[in-house]
Amino acid sequence: MKKIITIMLLILLTGCATGTYISRDGDNSNLSHDTLFCKSLARSKHPGYICKNPLMCSPEEVNIVINDLTQYHAVFQNCMLRKGYNYQ
């Protein structure tokens, strides 16, 4: 079970790490600032769940962690899209 959870989390994190945002108007001069703003906004809404046992989450907590990561990523992407960026 622990191996499956680890593999799922690695796949999820790998999927989040690829690609980049490009401004619709072609001006990426504010990309760094907008990225930090959107990450801050997403983290303020979904600060991250910390499991009771810091070395391993219980099966009940795994769903909470995955849900929180998904919600964080959704808020971040929505913010970047509203700021005028496309994900490529």
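Residues take their numbers from the sequence shown, with the count starting at 1. Just so it is clear, the structure is predicted and the values come from calculations on it, not from any experiment.
- Here the side chain of Thr35 pairs a donor or acceptor atom with the backbone of Leu31 at under 3.5 angstrom.
- Put simply, the residue from Val62, Ile64, Ile66 that forms a side chain to side chain contact (heavy atoms under 4.5 Å, CB included) with Cys57 is Val62.
- Arg82 places none of its side-chain heavy atoms less than 4.5 Å from the side chain of Asp34.
- A distance of 9.5 Å separates CZ in Phe76 from CG in Leu81, rounded to the nearest 0.5 Å.
- Side-chain atoms of Gln77 do not come within 3.5 Å of backbone N or O of Ala74 as any donor-acceptor pair.
- A distance-only check finds no donor-acceptor pair linking the side chain of Gln88 to the backbone of Ile22 [under 3.5 Å].
- For the pair Cys51 and Asn53, the minimum side-chain heavy-atom distance is 4.5 Å or more.
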Exercise. What's the verdict on side-chain contact (heavy atoms from CB on, under 4.5 Å) for Asn78 and His73, showing C-alpha distance, side-chain angles and the deciding distance?
Worked result: CA-CA 9 Å; Asn78 187 30; His73 192 65; over 6 Å; no
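- Geometrically, Lys83 engages Phe37 in a cation-pi contact, judged by NZ or CZ lying under 6.0 Å from the ring centre and within 45° of the ring axis.
- Note that the OG atom of Ser44 and the NZ atom of Lys39 stand 14.5 Å from one another [nearest 0.5 Å].
- When the side chain to side chain donor-acceptor pair (under 3.5 Å) test is applied to Asn67, no partner is found at least two apart in sequence or on another chain.
- In this structure, Arg43 satisfies the cation-pi test against Tyr72, with its NZ or CZ atom closer than 6.0 Å to the six-membered ring centre and inside 45 degrees of the ring normal.
- Between the Asn28 side chain and the Ser23 main chain, a donor and an acceptor come within less than 3.5 Å of each other.
- The 12-atom threshold is not exceeded at CD1 of Ile50, counting heavy atoms of other residues, nucleotides or ligands nearer than 6.0 Å.
- Rounded to the nearest 0.5 Å, atoms CG (Asp25) and CG (Asn30) are 9.0 Å apart.
- Using a 4.5 Å heavy-atom cutoff, the side chains of Lys45 and Gln71 are not in contact.
- Two different hydrophobic clusters hold Val75 and Tyr85 under the rule that ILVMFWY side chains link at heavy-atom gaps under 4.5 Å.
- A donor-acceptor pair is defined here as one N or O able to donate and one able to accept, closer than 3.5 Å; such a pair exists between the side chain of Asp68 and the backbone of Gly48.
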